[in-house]
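So you know, we letter chains A, B, ... as the sequences are listed, proteins then strands, and number each from 1.
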2 protein chains.
Amino acid sequence: MATIRDVAKLANVSVATVSRVLNGSSKVSAQAREAVLKAQRELDFHLNANARTLARKDSEIIGVTVSDLSDPYFGSMVRACENAAHKLGCSLLVCQGLHEEQREIVAIENLLSHHCRGMIVHALTVPDERLSDYMRRVPSMVLINREIPGFEDRCVNIDNEHGEYLAVSQLIAAGHRDIAYVGSRHSILDAKERLAGYQRALKSHNLPLKPSLVVADEPLLDGGVRAAKELISRGVSFTAVAVYNDTMAAGLISVLNEKGISVPDDVSVVGFDDIMLARCLNPPLSTITNPVEEMGEAAVRLSSSLYHKDRQAAALPEFEVRFVSRKSIAPPPAKSWTDQLKERSSGKAGSHESKVSAAFRRAQLEAKQGK
Amino acid sequence: MATIRDVAKLANVSVATVSRVLNGSSKVSAQAREAVLKAQRELDFHLNANARTLARKDSEIIGVTVSDLSDPYFGSMVRACENAAHKLGCSLLVCQGLHEEQREIVAIENLLSHHCRGMIVHALTVPDERLSDYMRRVPSMVLINREIPGFEDRCVNIDNEHGEYLAVSQLIAAGHRDIAYVGSRHSILDAKERLAGYQRALKSHNLPLKPSLVVADEPLLDGGVRAAKELISRGVSFTAVAVYNDTMAAGLISVLNEKGISVPDDVSVVGFDDIMLARCLNPPLSTITNPVEEMGEAAVRLSSSLYHKDRQAAALPEFEVRFVSRKSIAPPPAKSWTDQLKERSSGKAGSHESKVSAAFRRAQLEAKQGK
DNA sequence: CACTGGAATGTAAACGTTTACAATTATAGA
DNA sequence: TCTATAATTGTAAACGTTTACATTCCAGTG
């Protein structure tokens, strides 16, 4: 590999001049600039980012740890991070935690050793104290979806409790009283908050909390599938389900479809996150927007400005969550799906009549929701 | 930040000893090792990866460029790359091309300047010659979904032509004759090959190629939506659609659903890639598997071994594509959806009868497909 | 006791940049 | 022509590691 010295020699100038040309410093004659650029082309020379970082003591790398890059939620987040990094002239170093504590720690330590300009961590399993330790030691580290006491201004979060409250309130407004909740089995901030939002919504409408209607599983497609089966197998009747995230909701809906339980005519479903998938499901899934791209971008900017000790740039914006109405919520059916299933299995005719009335009820609701 | 010198001083040894401890070299007494580790903990010291890379002349970073990290196809790919990199003790530097030539070039140059251990490029818009140039200059660069003459052994590809041939053959086997094709508007390898596979399938079954049944758009959800509308607006009748990828297929299906055209009773659909979304659609989408994770892993391994000039490790495996049967393909309807739409709009009754016969036809096909 | 060999440790020169600071050259004014 | 000043260029010391080579230390041997 050619070095800056080779270029200097070929262009007949000093290394300083080459460096100046390559960094766009003004203090260089047009003649020298030409010679340098020519030599650079000839040698196919590229500045060595490592050496540059070392000499400058200012990295152009922003490190990110997420659970799983193939999860569309993180996909959107990392996309936004890369974009924001690009705007700052930086590149993204990405690690995966894969839901394992050991792997998450390796990922964080790895970023640490790269002495990144910024550091954005989404850790599911690392305990608070350890994370707190890291936060203390590296001032530019920013957390996503966690809230560590004492570091609130470096934790990027949405109001999950409020979001889930919104979601469940919509189900209640549609007339549901037996509302199940499918949660995440990881006990981090958003999981706890969303469950709390579900509970508050029920309480504030004087509905009973039935533990038999709450299940938790891995926040992935298969987790949704398992949770749905578990819920159905419990034999407790429900007419609506609020789900931790859209991916689990997709799994749940696929089980309902398989069993011939119609969404939304028999069971209404509401998700969380509003990933692309939500628009593709049939029926399209009503859900809560999660401004994950804004969060990613804000995290990158915050982290980078902390690194440069910009005090004023460090404030985080408020992130808005809101309910998106699609087609997966309808008023509860006159006859619950448990009864219908019994009826069907006892050989009665298909319920064409009930489909029509379901459509009618749906139209009513939509009118009420104002579009 | 503490440096290796600080650690050496505190531990009362030389920097060489510290380095040896940190790199697991055997030539160091237990006593010294202890002292070093203690000092390291005390100072919260982390080796500087940049300095290490510089001194060792062997990077531990693998660079990857993809179009869009939020695209689930690339999500899976990058996930696999990160995993493979992790196994090699490396980290991933990720850039996005975002379907713009300028941005793709910036991304590549960026990776170049990091002097990565490996370099994996998925470029949509950079022309062959330029890519060829890069390939010549950096021996460890590996291409995904491109095939540049002279560098075949560094291009990671599946047999797209064969895959699409398989997909369309399934439609033909189900009895379809009027088969539309929704392609990608980017003219790179996989787009061309998949179109060719579609054409070969028709030809080899003596079906006519109708240009009016072929559209192309952006390979994203919205592209699928637009393509579907375009196709329908042309007023040419078709009973099946083969789509460039699952994401576009999802967009297409959502339009069909909206218009009341049933999948698969009125129109059969087959996708490509088998992303998670395919399993979540209703009906679940029949598609072609794309072993994108294996490809990502293979690309990382190949790239890293090229960097170290391992000649023998450099062979690429064959990647298998196969048809996955789900529920989106049925035999063509007795009455085409264009006629049905007319009928419906002229006020006739809903076609309950036709639904039953559709179910029957579907069952027949499934029996034929052997599951 | 001198000598040998091996283990443990230390010294210092890379690695490829940036950037103060010094040195040189050019420009203009006297 | 000679300064004074500004513009350009060069020199060399960092930056934080690794590692070849040199040195030191000790146990074991004759």
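Under the 3.5 Å distance criterion, with hydrogens and angles disregarded, no donor-acceptor pair is assigned to the side chains of B/N160 and B/D190. Using modelled atom types, one finds no donor on one side chain facing an acceptor on the other under 3.5 Å when comparing A/N23 with A/S25.
A/Q40 has its side chain within reach of A/L22: a pair of non-hydrogen atoms, C-beta onward, lies under 4.5 Å apart. No side-chain heavy atom of A/Y307 sits under 4.5 Å from any side-chain heavy atom of A/M141.
Nearer to the 5' terminus of DNA chain D, by closest-nucleotide assignment, is the contact made by B/F45 (compared with the other of B/F45 and B/R20). For the pair A/N48 and B/A32, both in contact range of DNA chain C, the more 5′-proximal nearest nucleotide belongs to B/A32. Both B/A55 and B/Q31 lie close to DNA chain C; mapped to their nearest nucleotides by heavy-atom distance, the more 5′-ward contact belongs to B/Q31.
The distance from atom CD1 of B/I4 to atom P of C/dT11 is 14 Å, rounded to the nearest whole Å. Here the P atom of nucleotide C/dA8 and the CD atom of B/E34 are 15 Å apart, to the nearest Å. Taking atom CZ on A/R33 and atom C1' on D/dT9, their separation rounds to 14 Å, with Å as the unit. Rounded to an integer number of Å, the gap from A/N50 CG to C/dA14 P is 20 Å. Note: NE2 (B/H114) to P (C/dC15) measures 22 Å, nearest angstrom. One can place CZ of B/R56 at 13 Å from C1' of D/dG16, the figure rounded to the nearest angstrom. If you measure from atom CG of A/N12 to atom P of D/dG10, you get 9 Å, rounded to the nearest angstrom. When rounded to the nearest whole Å, the span between NZ of B/K27 and P of C/dT11 equals 19 Å.
Using a 4.0 Å cut-off, no side-chain N or O of B/T3 falls inside it from OP1 or OP2 of D/dG16. Of the side-chain N and O atoms in A/T17, none sit less than 4.0 angstrom from OP1 or OP2 of D/dT8. Contact annotation: B/T53 does not reach the phosphate of C/dC15 (side-chain N/O to OP1 or OP2, under 4.0 Å).
Within 4.0 Å (heavy atoms only), B/H46 reaches sugar-phosphate atoms of the nucleic acid but no base atom. Looking at heavy-atom distances under 4.0 Å, A/N23 makes contact with sugar-phosphate atoms alone, never a base. Residue B/K57 is in sugar-phosphate contact alone, with no base atom involved, counting any heavy-atom pair closer than 4.0 Å across all strands shown. Using a 4.0 Å heavy-atom criterion, one finds that A/A49 contacts no nucleic acid atom at all. Within 4.0 Å (heavy atoms only), B/S19 reaches at least one base atom of the nucleic acid.
Of the candidates D/dA12, C/dT9, D/dG16, the closest approach to any side-chain atom of B/R5 belongs to D/dG16. Which of C/dT18, D/dC15, D/dT19 sits closest to the side chain of B/A16 comes down to D/dT19.
At a threshold of 4.0 Å, the pair B/E82-A/R103 counts as salt-bridged, since one of the basic side-chain nitrogens sits closer than that to a carboxylate oxygen.
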Before giving the answer on ring-ring contact (aromatic ring centres under 6.0 Å, His included), spell out for A/H99 and A/H186 the whole-Å C-alpha distance, their side-chain angles and the decisive distance to 0.1 Å. CA-CA 9 Å; A/H99 306 190; A/H186 295 287; 5.3 Å; yes
